[in-house]
Amino acid sequence: MPTVLQELPLDRQLRLALDQLALETPTPVQAQMIPAALAGSDLLVSAETGSGKTLAYLVPILQRLLSEQAPRDAGALALILVPTRELARQVLKSCRELTAKSPLQAMALTGGADFKYQKAQFRKNPEIVIATPGRLLEHCEKGSADLSALKVLVLDEADRMLDMGFRDDVLKIAGFCSPGRQTLLLSATLKTRGMGELGNSLLKEPQTIAVDPPRQAQASIHHQRILADSVDHKNQLLLALLENNEGRRSLVFANKRVTAERLSGLLGHHGLKVDSLHGEMSTEERKRVMAAFREGKIHVLCASDLAARGLDVPDIETVINYDLPHSGDDYVHRCGRTGRAGATGVAISLVEASQWNLMISIQRYLNMDFEQRALPGLKARYSGPKKTKGSGKAAGGKKKKTGKDGAKAKQRARDSKNKGKPKRGKPSGAVNDGTGPLMKKK
DNA sequence: AAAAAAT
């Protein structure tokens, strides 16, 4: 296995670009995936967030395109499907850096842009297309996209691309692709086993690359939880956390677009440099906000799960789940916006009593306990389910650490308000992607 | 259970 990229048999133009980017040492996923992809196999790849998956597929794709002959007007030769416009643009940027010294052309194809302009772009026959599914499918059906000579199909965030919202479109697109193409599926949360029929319809004798032990909490991210009593309390906690974090880059996740907007307004009102990002905004607004966040013009981004996957913004120190995500996988992706590429980060979840069971199921899914923290003067009145003597079934019993128990008089442990434990066996909102109970009755 | 991707 190569320890430096120079040892790989790469085209000179590609190597020049890698040199320019000062990329020498491949990350573990790159070291495993690049040779396997160059050998031509279909691959199922799981590797943690921020571990370098994008380059792990771009390098072998570009190498294949540079070393293999293809007719001039063959249409697209490589197609990369991603779940959001932001991710498409980000991958395009990486791709253009790598093709800087070669004649290969790449384009991004997403909704929210002019259809005719995209059609014109296709006529220039870019070898590499990076797309979100909806708009590409339209081009396929109207005949402006030609995928019949495709050499490589990539599903980035593959589990997302194959879940309900995207699956139909993605499978239809795959139907337009050359049957002889190579297919690569990647995600931090890809279940490499049990792909079943879905896998068979897309992949041929896939090889599996699982770089990190599945569902192992990432060592680079410190996971914390803060208990909250109400929406108002959560707002105060959020403000306190961010005011102590002035000038650093933070990302706040909410479960709804309107909540993201509301939080952005609230924080802005308190003088923080903040904006929001979600799918109801226009492409232009989304571009502007992402650029402002990348350039440091805003320090806090309040986002929906639009920002949960793939986005690579350096130096996000803190990810805050204002709302808990609905699944363990969503949690992994959200928190994975920090602690990337060797950096460390903190993930803080605000947990209301009604979300306790969901939190437990996420912890169990990740096989870890979040460190419990409290902010001075803002300690929650509830402290998790009451422990029952001897029964050993208090779900939060394995806490690693509790926040300093200093504030004694302040908090009346008014457990009566949140009487008893939340119902067992039916965690609120838990679903079947690992956060659900182990045994599930249909 | 909500969000994203299309019109």
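Residue numbering restarts at 1 for every chain, and letters A, B, ... go by the order of the sequence lines. Since this is a predicted model, take the numbers as computed values, not measurements.
Atom CD of A:Q355 is separated from atom C1' of B:dA2 by 13 Å (rounded to the nearest Å). A straight line from CZ of A:R160 to P of B:dA3 spans 12 Å, rounded to a whole angstrom. Rounded to an integer number of Å, the gap from NZ of A:K142 to P of B:dA6 is 13 Å. Rounded to whole angstrom, the span from the CD atom of A:E86 across to the P atom of B:dA5 amounts to 7 Å. Atom NE2 of A:H278 is separated from atom P of B:dA3 by 10 Å (rounded to the nearest Å). As rounded to whole Å, 11 Å separates atom P of B:dA6 from atom CG of A:L137. Distance, A:R309 CZ to B:dA5 C1': 14 Å, rounded to whole Å. Distance A:K256 NZ to B:dA3 P: 7 Å, rounded to the nearest Å.
The residues A:D159 and A:K191 are annotated as not salt-bridged, no charged nitrogen and carboxylate oxygen being separated by less than 4.0 angstrom. Ionic pairing of A:K234 and A:D323 is present here: one or more N-O contacts between side-chain nitrogen and carboxylate oxygen are shorter than 4.0 angstrom. Between A:D42 and A:K204 there is no salt bridge, since no side-chain nitrogen of the basic residue lies less than 4.0 Å from a carboxylate oxygen of the acidic one.
For A:R286 and B:dA5, the shortest distance from a side-chain N or O to OP1 or OP2 is below 4.0 Å. Considering only side-chain N and O atoms, A:S327 lies nowhere under 4.0 angstrom from the phosphate OP1 or OP2 of B:dA1. One finds no side-chain N or O of A:T110 lying less than 4.0 angstrom from the OP1 or OP2 phosphate oxygen of B:dA5.
Residue A:G111 is in sugar-phosphate contact alone, with no base atom involved, counting any heavy-atom pair closer than 4.0 Å across all strands shown.
Comparing B:dA1, B:dA5, B:dA3 by their nearest atom to the side chain of A:H326 picks out B:dA1.
Residues satisfying the ring-ring contact (aromatic ring centres under 6.0 Å, His included) criterion with A:Y331, sequence neighbours excluded, are A:H223, A:F370.
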